[in-house]
Structures are given as C-alpha cells and as structure tokens.
Amino acid sequence: MAGGSRSPGASVTSRVLAVLGAFDATHPALTLSDIARRSGLPLATAHRLVAELVTGRALARGVDGTYRIGVRLWEIGLLSPLHGQLREVALPYLQELYTTVRENVHLAVRDGDEALYVEKVTGHRAVPTISRAGGRLPLHATGVGKALLAYAPPEVIAAHLRGPLRRCTPYTIVEPGRLARELAAIRERGWARTHEEMTLGSCSVAVVVPGPDGAALAAIGVVGHSLGAAPQRLVPALRAAADQVAARLADEPHATQRATA
C-alpha cells in the first residue's frame with residue numbers, strides 16, 4: 001500500500017493526497033481498484049475522488065481504463081523552486097560537465113532520508129542507471145546522497161545513523177559506525193564516492209553545492225563504470241560546476257529554497 005488512510009476522520013485533502021500518492025515510478029498507471037487498494041480508501045470514495053481529479057486534469061484516464069498523473073499536476077510542478085530555479089540555474093553547468101566527463105551527471109537535494117533527483121544529464125554511451133529526475137534513492141548508498149548527508153545538520157546525521165539502513169547491494173555500507181567514519185572522511189576531503197553500493201557495476205563521485213552559510217544546497221555527482229580506480233580525477237570538474245551553480249544561486253536568493261526536512 002502506498003500510504004493511504006482509512007481513518008473516518010481523514011480530511012478530504014488527506015484523501016486526495018492518498019489517491020495521488022498511490023502513483024509512483026513503478027506504478028505510473030493504475031486501475032481504480034489499484035488506486036483504492038494502494039491509497040487505503042474505500043472503492044466508492046476512490047471512485048468519487050478520481051472522477052473529480054480527472055475533471056480537474058490532475059489525473060488522466062487512458063483508453064485502456066487505467067489512470068495516470070495528469071497534465072495539470074505537471075504544470076503545477078514546474079512552479080516548484082526545484083524546477084523553476086535550482087534546475088534552470090544548474091542545467092547549463094550540468095550539460096557542460098557531461099560534455100567533459102561523458103558519464104551520467106546528477107543534481108540532487110536532500111528530502112528527509114532520501115536523495116531527490118532534480119535533474120539527470122546522460123547520453124547513449126553512458127552507463128545505464130536507475131536514477132531519474134523526480135526519483136528518490138537512499139542517501140547512504142549514492143554519491144550525491146552521501147555528500148548531502150555528510151554536510152547535513154548533526155541531528156539529521158545522528159537520526160540517519162540510527163537507521164534502518166537498507167542494503168542495496170553486498171557493498172552498501174549499512175554499519176552505523178562505518179558509515180559515520182565515511183561521512184567524516186567526506187567532510188575532510190570535500191567529496192563523496194561510492195563503489196557498487198547502489199547498483200552493481202556502477203561507481204560515483206559527488207560534491208555539494210554550498211550555500212552562503214556553508215550548508216549544502218544540493219549535490220552534483222557523476223556515475224559511471226570506470227570511476228572506481230581514480231574518482232578524484234573528476235573532482236576538479238565537479239567542484240568547478242558546483243561553485244558556478246552556487247555563485248548563480250547567490251545572485252538569485254529565491255533559488256536557495258531547499259527541499260530538506
């Protein structure tokens with residue numbers, strides 16, 4: 001279940017959010033029965049809400065009878081600071097970085113215990129990855145996630161270390177003490193790395209985009225097959241991109257709003 005509510009006291013807003021929350025990257029198209037089950041709502045309630053959301057273009061009904069997220073939500077999503085400001089400021093530098101490294105380039109922010117991917121720049125020669133713009137992956141298993149976690153407030157780090165820490169591959173660091181030492185090393189050297197910790201065969205290196213107060217506004221990372229032997233060779237290019245994005249964000253104060261919790 002995606003996280004709905006059968007509580008009789010649930011508000012209309014919470015029920016609408018439960019319907020929308022039934023959709024995710026692995027469930028982009030759902031039947032009405034699927035929506036009711038995954039949202040935790042009675043079928044009749046789900047039917048009424050879905051009909052209203054279709055009328056408002058928040059959901060769209062396909063010819064096969066399944067429902068998908070509608071164009072209205074996409075239009076509203078474009079108003080988010082993550083898209084309209086952070087992404088637009090960073091995208092030219094991400095594209096320039098990709099031209100230099102010819103590997104997947106990611107821009108991510110911290111959202112709770114996850115790395116929320118704001119943008120991904122890739123090409124047909126880059127190694128396939130499971131990341132996607134709008135997707136989420138664990139902080140402790142990704143390069144951008146480790147960078148963001150290392151520079152998070154101490155109470156956030158402490159809470160994350162209390163776990164649980166999901167093991168994504170046999171190489172994922174899930175021991176709290178070992179992860180704490182890894183985060184300390186990231187802060188000391190100024191960049192993060194992973195070696196097959198999220199996906200077998202893929203390595204990554206990442207740096208944070210610093211804000212005026214020294215906190216991490218976002219992280220920029222590179223993912224590829226052959227980074228494990230000498231990931232530090234990519235750090236200068238990554239730092240140059242991150243510093244350029246930080247400088248641009250400093251000139252646009254509203255763009256420094258972060259999706260952190």
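Any value given below was found using the heavy atoms of this structure, including those in side chains, with hydrogens, waters and symmetry copies removed.
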Thr172 versus Arg166: any side-chain heavy-atom pair under 4.5 Å?
no
Partner of Leu238 under side chain to side chain contact (heavy atoms under 4.5 Å, CB included), chosen from Val208, Val222, Asp243:
Val222
Within-4.5 Å side-chain heavy-atom neighbours: Leu137 and Val144:
no
Would you check, one step at a time, whether the test side chain to side chain contact (heavy atoms under 4.5 Å, CB included) holds for Leu179 with Val174?
CA-CA 7 Å; Leu179 181 57; Val174 295; over 6 Å; no
Note, Val121 side chain near Asn104 side chain (heavy atom, < 4.5 Å)
no
Thr55 side chain to Ala51 main-chain N or O, any donor-acceptor pair under 3.5 Å?
yes
Between Tyr98 and Glu103, is any pair of side-chain heavy atoms under 4.5 Å apart?
no
Thr194 side chain vs Ala141 backbone, donor-acceptor pair below 3.5 Å:
no
When you compare the side chain of Pro153 with that of Val156, does any pair of heavy atoms fall below 4.5 Å?
yes
Is the shortest heavy-atom distance from the side chain of Arg48 to the side chain of Thr45 under 4.5 Å?
yes
Of all pairs that satisfy side-chain hydrogen bond (donor to acceptor under 3.5 Å, both in side chains), the ones with a partner from residues 139-152, not counting sequence neighbours
Lys146-Glu182, Lys146-Glu197
Which residues pass the salt bridge (Lys or Arg N to Asp or Glu O under 4.0 Å) test with Glu96, not counting sequence neighbours?
none
Side-chain donor/acceptor of Arg38 to backbone N/O of Ala22, under 3.5 Å
yes
Decide yes or no for Pro28 and Arg68: does some side-chain heavy atom of the first lie under 4.5 Å from some side-chain heavy atom of the second?
yes
The single option from Thr31, Leu30, Val54 that satisfies side chain to side chain contact (heavy atoms under 4.5 Å, CB included) with Tyr67 is Val54
